[in-house]
Each structure stands twice: as structure tokens, then as C-alpha cells.
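Following: one structure in C-alpha cells, then a few remarks.
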Amino acid sequence: MTGRTRLTVPRLGALALTLALAVGSTVAVPAPASAASGPSGLRATEVSARAIALTWSKMGEDAYRVRFSASPNMSSPETWDVIGNYSEWSRTDGNPTVAAARLSPGATYYFQVKAIKKAVTSSGRSDLSGYSSPVAVTTSGNSEYPELAPAQTKATAGGADSLFVSWRTRGPGVAYQLQYKTSGDWTTRYFDAPGGVLDRLAASTTYQLRVRVVEKGSHDPLSDFSDTWSAATKTASSTGISVVSYNVRKPTGSPTWNQRREIIAASIKAQSPDVVALQEATPVSVTVDGKKVRQYTDVLNLLGSKYRYVSSADTSGSRLAYDSDRLTLVKAGTKKLAKLGSSRRYAVWAILKDKLTGKSVFVINTHLEPGSNKSSKYNNVRIKQAKQVLALVAANSGGRPVVVTGDMNSSRSAKPNNGPYIKYIKAGLIDPLDNATGSWASGEHAIAENVVDAEYNSFNAYASTARRTSYPIGTNVDYILVSKGVRVSLWRTVVNLDTAGRFAGMIPSDHNMVTATVHLP
């Protein structure tokens, strides 16, 4: 059984038209008399029972407005702006923040597209053309796969035994079956997100890969396989260092620390991190199995004996740990930062040497001033703290590659601006996600080679539904920044969601963990 249709039929007779629509092909329908000329070649590239993928010929600035309707006369249309000549529709509204209905199996929908200016603001995206002639597309029947096969597949080399892989998400609450081989039969791995690390491979070897959507748990297929693509592993010199940054939330409040602690530790360990940057891992005593222990000590105990903190100094909730099997601690330090109220802010840093490559890296972790993100007073103190972080980098990094982690308590939506972020970027640090502004083009110049689930905000506020924006990259207060020359092969915002976008099970913290795999020059 196949759950998608790739061939398109632009013009057919009446009988052929009926048959084509029944199997999910596309046909052009007469344009309203008022329609002006738009991009040519609008057609479906793939059709499933509940989703449609479209493409068209490039035009103008390669920015477009896609119009969707359930009516051949394009009445009551929904529109969505895209960069590049590709669009996917799995719901009756293209905006991912709108809880619109899924497309129905065996239903006919109509699409048009026009070229627009590639402006940041919607008001600036004036027309460069009229709409194209409408095209009708019918979804597959109920017995076919509901989801489109994964598209925009990627794979980049990790170390001698790994590849970093990613593909376009098929929404929350699903899993993926990745198959790979050099020849002969396929080997299968399952991923709980649209990408990750494919390890236990052979060095300097080219692999064929394909992936499809499956149900979580049962692994029943929800889509056909993607087109096959290939990638090759390299040598051990390219092995990445996995960095996690996670605000684990102080132990007070509900749910309690005892309810959350093991979920937090399991989530961190699932990323196989080499460096763990924690915020709000406090010195407050918690009771575990009848014994009192500091919260930050409890986290480390749960992670396992190979993880060690770089410093035992009092740094409030800012802690930096490393995998001692992989890394050697060369030097470490801490510093109190400027404060606004009574709470203390700290930065903790370390020089860590990679046992595999002999290279060293300077890592610094911090948690900037909490409070209003709409106030110049708070913004100014965060800028001052960011300057102190940069001064620590300058004084102690010794020209080594740099990784800056932390909860900066400031996002691209902060007022009057995202002060700490601006300060870091002007000093030469790089945001792997290119997440400087709230824009439909956010992430367009990302250096992260594979980006997984980054559409979700890093601060979840314990909302039952994962927070996100209409932009490709979410609004973050949690960052992993790198210096020039550091390669970032994988970025992931870690969320565990059901198909409605709600968190599955207990939400362990009011922040989502962010991870990055970095490769030292």
C-alpha cells in the first residue's frame, strides 16, 4: 500500500479528472476572471490522507503567499506566507499556532500562490504578482497513510561512528522509523523527534538512509518512506561534544522536587551529554529517601558517578558539570555578577580538554537577572551581567573555542530590546539558530546543520500545551552560543508532546532543555 501520490495531472478530461481526484492527484481549475498572473507550475508533489505538499516555479524574491480554500471559487480563504517555493498543508489554517482542523481524507481543496516581497513584517510584504490560477488537490482515502513522508531530509558527519540526521517535522506526538544500509537489507532505528544522532556506524563509510512517520509506542506506520538519501561518516577528529543547558527549576512549588527529579535526570541522560549546564540547581536542601541533600547534589547523584561539577564554590543555582570519561578539567572559576535586588547571580566557567582529540574548549554558564522583560531597568542590569560574562571569556579563554550557556531571562520579544543577546553577538559570539528577531525568516541563516523541534519556546511556563510562535524558530530565553569557527552539527529543543501539542505526562520544569553538539576547530 502506498499512502501518497507524487504525480500531478495539470489538465484532464471529465472522466480522467474524476479518477485523478479520487487518487489524490492535482488538476488546474478555471481561474476567476479577476485573477492576475502569478507563479507558474503550481502543483502537488505529494498527497496523503490528511496532508498536501505543494511546489511551484520560483519568481521574484522567492517569497510567496499561499491561499487555501475548500471551495473552487476560493471563498473564505486562509493564507500563509512562505520563503521558498514549497508549502505543506495538513490543517485548514497554515498558522501552526492555530488549532485548526486536519484535512479530511478524500476531500478536495484548492490552492493559489502569488509572489510577495521578502519583508520581515507582514505589512511590508507587498505583492509582486497576482495569484496563480487555482489548483484542486484531493487527499487520499481513509485507508491510506495520514501523514506525508518526511521531507527536507539531512545528514551530516559526526565522528567516525555517527551521523547527525534531521527532517521536516510531521507535528507533535509522532515518532520516526529511520532505516539505513550500505548494501543489502535495511537496519532500523526509531527516533522520538524529527532528528538526532545515528551512532554505532562504521568509519569512512557511505550510508543510504530513508525515514517515515510512525505512531509512538506501537511504531505502526503513518506515512510512506521518504526518498532515499546518502551521507558518509568521517574520522574521530570530527567527533562532537554534546552540550545541554537546562533550567531545572528550584525545588519549591508544585509539582514537588521529588515528583520531578527522576524525570529531569532521565531527560538529561537521554541526550548523552558531555557538558551539562544547569540553572536553578540550588543549594536548598531537599529530602530524598529520608535524607537531606542539596538540590544540586541530588541532580549530580542522579546523573551518575562519571559526571562532576567543575567547582564546589557557592554559585547559587548556576552549575556546570562534565562527563569525566570524555573530558578532563583543566581549570575552572566562578564570579558574582551585578545584582538588582537581593538575589545573587553567578557565572561559572571551565576549560575542558577532550580526551578523544586533545582539543580544549572554554565553557561558561550563567543565569541572568530574573524579573520583567518589558523594563529598561531589568534589561540594563542583564546587559551589565552579560558584559561581565564576556569579560570572563576574554580573561580566561586563552584563545580557545568558546561555548556560552544559560538562562538569560531575555528573549527576542523583550523590551526595549534583547539586550544581553545583542551584547553577546556584537562581541563575536554566534547564535546557532539565528534567532535574533521574531520574523518569518528567523533561522534562515542558522549555522546549526540539523535543527530539531526548535519551533517550541524554551520557557514553557508550565502551560499544558507547548508554547510556540508562528515563526520557524521559537522564542527563547535559554541559549547555547558559540565562538566563530565552532561547528554546530545538531540543535534540539527537548519536548515530549502528544499529537495535540500538549506535554505528555508530568512537565518536569518550567523550561525546556536545549542541546547542541559542537565540534572544535
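Among all heavy-atom pairs drawn from Pro420 and Arg382, the shortest one is CG-CB, 3.5 Å. The two residues Ser410 and Asn418 come nearest to each other via the heavy atoms OG-OD1, 2.6 Å. Closest heavy-atom contact between Thr97 and Ser470: CG2-N, 3.5 Å. Of all non-hydrogen atoms in Ala155 and Ala231, the two that sit nearest each other are CB-CB, 3.5 Å. Here the closest non-hydrogen pair linking Ser57 and Tyr64 is O-OH, 4.1 Å. In this structure, Leu103 and Arg50 approach most closely via the heavy-atom pair O-NH1, 2.9 Å.
Thr499 contributes no side-chain N or O that, together with a main-chain N or O of Gly173, makes up a donor-acceptor pair within less than 3.5 Å. Without hydrogens or angle criteria, Ser483 side chain to Pro401 main chain gives no donor-acceptor distance under 3.5 Å. Judged purely by atom type and a 3.5 angstrom limit, Asn373 has no side-chain atom pairing as donor or acceptor with the backbone of Asn409.
Taking the six-membered ring where tryptophan is involved, the planes of Phe191 and Trp167 are perpendicular, since the angle between them exceeds 60° and thus also 30°.
Annotation: Trp89 is not in aromatic contact with Tyr109 [ring centroid separation under 6.0 Å not met].
Electrostatic pairing of Arg102 and Glu147 counts as a salt bridge here, judged by a charged N lying under 4.0 Å from a carboxylate O. Using a 4.0 Å cut-off between charged nitrogen and carboxylate oxygen, Arg189 and Asp199 count as a salt-bridge pair. Between Asp510 and Arg260 there is no salt bridge, since none of the side-chain N atoms of the basic residue sits less than 4.0 Å from a carboxylate O of the acidic one. A salt bridge is absent between Glu61 and Arg125; no separation between the charged side-chain nitrogens and carboxylate oxygens falls under 4.0 Å.
Within a 6.0 Å sphere centred on NZ of Lys374, other residues, nucleotides and ligands contribute more than 12 heavy atoms. Sparse packing is recorded around NZ of Lys117, with 12 or fewer heavy atoms of other residues, nucleotides or ligands lying under 6.0 Å away.
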